[in-house]
There are 2 protein chains.
Amino acid sequence: MLAAARAVVAEGGADALSMRALARRLEVAPNALYSHVADKTDLLDQLLDDLLGTVAIPTGGDPRGAVEALMTSTYETLVGHPELVGLFLARQGARGPNAVRLGEVLDAGLAAVGVPDVPAARRVLIIHAIGFAAFDAGDVLPAGATAHSFTRSLRWLLDGMTPG
Amino acid sequence: MLAAARAVVAEGGADALSMRALARRLEVAPNALYSHVADKTDLLDQLLDDLLGTVAIPTGGDPRGAVEALMTSTYETLVGHPELVGLFLARQGARGPNAVRLGEVLDAGLAAVGVPDVPAARRVLIIHAIGFAAFDAGDVLPAGATAHSFTRSLRWLLDGMTPG
DNA sequence: ACCTGAACACCGTTCAAGT
DNA sequence: ACCTGAACACCGTTCAAGT
């Protein structure tokens, strides 16, 4: 079912993902979907959390590098699925188990780096990654230029939030 | 007409702003709106640009302080209208004359500060302001805490992009 | 557990016509 | 220039019923 939803989005963009369009693709009556999903929000949550499951989680290395790698990997995952980024914006982030796991990894990394206000730092970094991916997704810019500017500003933020 | 649109949004949130709901409030047939507006996107663009017209533009002072004041003023304007922030996200930024004017002021400020890559710096700062406002709008956090964390991270970014 | 038919209360937009 | 009636092709969701 998530695969079918992804296919609908891939073909027609996020706007094309309606309950009825998904039902059409599955060759099923529209209300049959409600046996698998509470409502449309639930469907979108599952779809987004599924994508977050593919974010690579760095292991080992220095804490600062790990945080940088985690945010870059998140950004790249989002940029690789431009049609879904708008949905992340609409529901600022995500709420499923994969999102929770990524949040915990990020928090642990920030604590290891020694930032004084971990929740604030997390918020800044998530806004930064999703925001950049969103501008990439909707834009006419050469893709490489934005990726470079993402990395640079990520480092500004990490520099600023690191004590000493 | 924009006033009526604002009233609909104020009462029922951004989701409540449909062409038909707006027509209902104006006591007019739904299609009558198309004499004043090309389509719904056009309506939203007018609504958002109207809001941007209320952003205070700093005059005088040192360039760095002016950029900081401009972004803070933008952030505060957005936070003051949480129901509209989601619309900014959906169409990353805005396109009307007020948006263009703010962009020019920002570019001039960044050039005065001496940042090497003005378009990249502008992108970073706009993402930061809209992103923070969006998280504020949808969240349970104490409002003051987020405003403080906005200012702090804004300074990190400005520090990073300033040469020397 | 999973599906269907039928219905309800909505959408955005267009077309032809009226003043 | 601004409005209307009528229509088209859609939405999300619920309810009762069937297997």
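All heavy atoms count here, side chains included; hydrogens, waters and symmetry mates do not.
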Starting from Watson-Crick (N1-N3 plus N6-O4 or O6-N4) and G-U wobble pairs under 3.5 Å, report the runs of at least three that DNA chain D belongs to. C:4-8 with D:12-16, C:12-16 with D:4-8
I need the full list of salt bridge (Lys or Arg N to Asp or Glu O under 4.0 Å) pairs touching residues 14-25 of chain A, with sequence neighbours left out, sorted by first then second residue. A:Glu11-A:Arg25
Base, sugar-phosphate alone, or nothing: which one does A:Ser18 contact when heavy atoms must sit under 4.0 Å apart? sugar-phosphate
In whole Å, what is the span from the CZ atom of B:Arg20 to the P atom of D:dC8? 14 Å
Does a side-chain heavy-atom distance below 4.5 Å link B:Leu51 with B:Arg6? no
Send over the distance from A:Tyr34 OH to C:dA7 P, rounded to a whole Å. 19 Å
Which pairs count as ring pair (Phe, Tyr, Trp, His ring centres under 6.0 Å) when at least one residue sits in residues 107-133 of chain B, sequence neighbours excluded? B:His128-B:Phe132, B:His128-B:Phe150, B:Phe132-B:Phe150
In whole Å, I'd like the distance from the CE atom of A:Met19 to the C1' atom of C:dC11. 17 Å
Find the distance A:Leu33:CG to C:dC2:P and express it as a whole number of Å. 13 Å
Look only at the side chain of A:Ser73 and the backbone of A:Val55, and say whether a donor-acceptor pair between them is shorter than 3.5 Å. no
Counting only N and O atoms by type, is there a donor-acceptor contact under 3.5 Å from the side chain of B:Thr151 to the main-chain atoms of B:Ala147? yes
Separation of atom CG in A:Asp39 from atom C1' in D:dT13, rounded to whole Å: 9 Å
Given atom CG of A:Asp15 and atom C1' of C:dG12, what is their separation to the nearest angstrom? 13 Å
Can you check the distance between C:dA9 and D:dA9, where both ends of the measurement are the P atom (answer in whole Å)? 23 Å
Any side-chain N or O of B:His36 below 4.0 angstrom from OP1/OP2 of D:dA1? no
To the nearest Å, how far apart are B:Leu44 CG and C:dG12 P? 10 Å
Show which side-chain atoms of residues 96-120 of chain A pair as donor or acceptor with protein atoms under 3.5 Å away, not counting sequence neighbours.
residue, atom, partner, partner atom, Å
A:Asn98, OD1, A:Arg101, NH2, 3.3
A:Asn98, ND2, A:Asp49, O, 2.9
A:Asn98, ND2, A:Asp49, OD2, 3.3
A:Asp107, OD1, A:Arg122, NH1, 3.2
A:Asp107, OD2, A:Arg122, NH1, 2.7
A:Asp117, OD1, A:Ala120, N, 3.3

Can you find a heavy atom in the side chain of B:Ile126 that is under 4.5 Å from one in the side chain of B:Thr74? no
Any side-chain heavy-atom pair of A:Ile127 and A:Ile130 under 4.5 Å: no
In residues 22-30 of chain B, which ones come under 4.0 Å of DNA chain C, going by heavy atoms? B:Arg24
Sequence neighbours excluded - salt bridge (Lys or Arg N to Asp or Glu O under 4.0 Å) pairs with any residue from residues 60-69 of chain A: A:Arg64-A:Glu68, A:Arg64-A:Asp159, A:Glu68-A:Arg155
When the C1' atoms of C:dC15 and D:dC3 are compared, how many Å lie between them, rounded to an integer? 14 Å
When the distance from NZ of A:Lys40 to C1' of C:dC11 is rounded to whole Å, what number comes out? 12 Å
